[in-house]
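Keep in mind it's a predicted model, so treat the numbers as computed, not measured.
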Amino acid sequence: MSVEKQIKAKSGWGMLAVVCVAFVAIVVVFILSIIGLADAEDAGVPINPLHGWGLGLSIAAFCLVWIPVCGFFTLQPGQARVCILFGDYKGTVRDGGFRWANPFYSRSMGTNASAEEATAEVLSKSSLSLGKQISVAAKASSNLSTKVSVRARTLNGEILKVNDKMGNPIEIANVVVWHVADTAKALFDVDNYEQFVSTQAETALRHVASIYAYDHLEDNSDDAGAITLRSNIEEVSEALKRELTQRLAPAGVTVDDARLTHLAYAPEIAQAMLRRQQAEAVIAARKKIVEGAVSMVDMAVKELADGGTIELDEERKAQMASNLMVVLCGESEAHPVLNTSSLY
């Protein structure tokens with residue numbers, strides 16, 4: 001496992017002044033040498049060896065002066081540069097601004113062969129347009145830069161079709177906020193850290209979705225207190241964050257936040273689940289209505305009995321309770337029938 005070590009890079013302004021002075025000196029020596037050679041030729045006198053040496057050295061120095069120029073680089077806030085010298089990791093520069101370092105430090109990690117193969121396989125099975133396929137393939141075949149952004153990034157996952165704990169097919173998607181914490185691990189311990197984050201985010205989401213049920217089967221079931229995807233968003237998000245933190249640790253990536261952005265039953269069972277939810281709602285409403293009707297009937301019977309004005313036997317009490325239950329629990333409006341004769 002690689003471990004990041006920070007190093008300091010020199011300010012680029014001082015080295016820029018040195019390069020400018022050297023460039024001016026080379027130009028002056030070159031011009032003076034040319035003038036000396038031309039004057040000697042016009043005067044017909046032997047050429048001064050210093051003029052010849054000056055011309056040769058100025059040309060050689062002009063070619064060599066471009067080497068330190070390659071050491072200049074700039075870093076914006078939220079960027080870092082990994083310094084690699086002939087395959088050896090020297091450290092990471094995190095100081096922003098105009099900087100200068102060893103000009104022989106690598107500026108790229110080379111092409112990513114595995115990423116090209118994976119991208120080619122995906123594109124061969126996708127329905128993207130030709131222009132989009134060329135763009136994606138070009139991005140995958142480009143060199144991985146030694147400049148790494150350590151800013152927070154957002155990964156919007158695609159909608160996945162997975163099975164929950166009960167085996168029901170569901171659609172789920174997530175959003176992950178992450179940033180590179182260890183640049184050495186990000187570049188050296190994984191092949192491509194951006195693709196690694198994308199792949200692990202999908203894998204973690206599938207795993208978390210499989211260990212929780214979408215919803216409780218019944219409100220009064222034994223697992224009514226269990227965590228579900230629909231009812232316990234905070235707990236599920238925290239579990240997803242822990243899962244991602246563990247999976248992305250080898251890449252030096254820290255997960256700032258992870259949330260579900262989409263959650264629904266798969267289309268093939270959505271209608272059946274909707275009917276089940278509607279049935280549960282109807283049952284709950286009926287239960288509430290019956291409880292209220294029973295209490296009202298009991299209160300009516302007690303009030304009539306306590307008043308003493310009307311004496312009802314058990315059969316009449318049962319008939320009155322039945323009539324009240326029909327009126328209170330019926331779907332449609334009740335139409336009473338008046339009895340003008342004797343009750344008996």
(Q) Distance check, rounded to the nearest 0.5 Å: Tyr212 atom OH versus Leu229 atom CG? (A) 8.5 Å
Q) When clusters are formed by joining ILVMFWY residues with side-chain heavy atoms under 4.5 Å apart, either directly or through shared neighbours, do Val162 and Leu205 land in the same one? A) yes
(Q) Are Leu16 and Trp100 packed together at the side-chain level, in the sense that at least one heavy-atom pair is separated by less than 4.5 angstrom? (A) no
Q) Should Glu171 and His262 count as side-chain neighbours, where that means a heavy-atom distance under 4.5 Å? A) yes
(Q) Run the side-chain contact (heavy atoms from CB on, under 4.5 Å) test on Lys8 and Asp95 for me, step by step, so that the C-alpha distance in whole Å, both residues' side-chain angles and the decisive distance to 0.1 Å come before the verdict. (A) CA-CA 7 Å; Lys8 299 292 184 179; Asp95 299 328; 3.0 Å; yes
Q. Is it true that Ile84 and Leu75 fall in one hydrophobic cluster, defined by side-chain heavy atoms closer than 4.5 Å?
A. no
**Q.** Single-linkage hydrophobic cluster, 4.5 Å side-chain cutoff, Trp53 and Val28 together
**A.** no
**Q.** Ser210 side chain to His207 backbone, donor-acceptor under 3.5 Å
**A.** yes
(Q) For Tyr89 and Phe188, take the angle between the two ring planes, folded into 0 to 90°, and tell me which bin it lands in: parallel under 30, tilted 30 to 60, perpendicular over 60. (A) perpendicular
Q | Reported CG-to-NZ distance for the pair Leu85 and Lys90, which is rounded to 0.5 angstrom | A | 5.5 Å
Q | Minimum heavy-atom distance between Pro250 and Asp189, given as atom pair plus value | A | O-CB, 3.6 Å
Q) In chain order, what residues pass the side-chain contact (heavy atoms from CB on, under 4.5 Å) check against Ala80, with sequence neighbours excluded? A) Thr92, Arg94, Val150, Thr183
Q. So, do Glu194 and Arg153 sit near enough that their side-chain heavy atoms are less than 4.5 Å apart?
A. yes
Q: Establish whether Tyr265 and Ile211 are linked, either directly or via other cluster members, by ILVMFWY side-chain heavy-atom contacts under 4.5 Å.
A: yes
Q) Roughly how far, to the nearest 0.5 Å, is the SG atom of Cys83 from the CG atom of Asn102? A) 8.5 Å
Q | Thr154 and Val175: CA distance, side-chain angles, deciding distance, side-chain contact (heavy atoms from CB on, under 4.5 Å) verdict | A | CA-CA 7 Å; Thr154 301; Val175 58; 3.5 Å; yes
Q.
Tell me the closest heavy-atom pair linking Phe30 and Ser58, and the distance in Å.
A. CD1-OG, 3.4 Å
Q. How many angstroms lie between CE in Met166 and OH in Tyr214, if you round to the nearest 0.5 Å?
A. 14.5 Å
Q. At their closest point, which heavy atom of Ile172 faces which heavy atom of Ala209, and how far apart are they?
A. CD1-CB, 4.1 Å
Q.
Whether the side chain of Lys147 engages the backbone of Thr74 through a donor-acceptor N/O pair (distance < 3.5 Å, no angle test) should be reported.
A. yes
Q) side-chain hydrogen bond (donor to acceptor under 3.5 Å, both in side chains) with Glu243: which of Gln246, Lys241, Arg247? A) Arg247
**Q.** Pair Val29-Leu57, side-chain contact (heavy atoms from CB on, under 4.5 Å): steps then yes or no
**A.** CA-CA 9 Å; Val29 171; Leu57 291 176; over 6 Å; no
Q: Kindly assign one of parallel, tilted or perpendicular to the pair Phe72 and Phe98, based on the angle between their ring planes and the thresholds 30° and 60°.
A: parallel
**Q.** Test item: Gln195 side-chain N/O and Asn192 main-chain N/O as donor-acceptor pair under 3.5 Å
**A.** no
Q: Return the minimal non-hydrogen interatomic distance between Ser108 and Thr146, and the atom names on each side.
A: N-CG2, 3.8 Å
Q: Please round to the nearest 0.5 Å and tell me the distance separating atom CZ of Arg230 and atom CD1 of Ile170.
A: 12.5 Å
Q | Lys161 vs Arg206, side-chain contact (heavy atoms from CB on, under 4.5 Å): CA-CA, chis, key distance, verdict | A | CA-CA 9 Å; Lys161 186 177 180 180; Arg206 290 182 180 275; over 6 Å; no
Q: For Leu55 and Ser33, work out which heavy atoms get closest and say how close.
A: N-OG, 3.3 Å
Q) What are the two closest non-hydrogen atoms of Arg107 and Arg81, and how far apart are they? A) CG-NH2, 3.8 Å
Q. Side chains of Thr254 and Trp178: closer than 4.5 Å at any heavy-atom pair?
A. no
Q) Same cluster for Leu32 and Phe23 if Ile/Leu/Val/Met/Phe/Trp/Tyr side chains link at under 4.5 Å? A) no
Q: Using a 4.5 Å cut-off on heavy atoms from C-beta on, say whether the side chain of Glu202 contacts that of Gln200.
A: no
Let me check something: any side-chain donor-acceptor pairs from residues 60-70 under 3.5 Å, sequence neighbours excluded? List them with distances.
{"residue": "Trp66", "atom": "NE1", "partner": "Phe62", "partner atom": "O", "Å": "3.2"}

Q: Quick one: pull up CG in Asp164 and OG1 in Thr228 and give me the separation to the nearest 0.5 Å.
A: 10.0 Å
Q) Do Glu238 and Arg259 meet the salt-bridge criterion of a basic N to acidic O distance under 4.0 Å? A) no
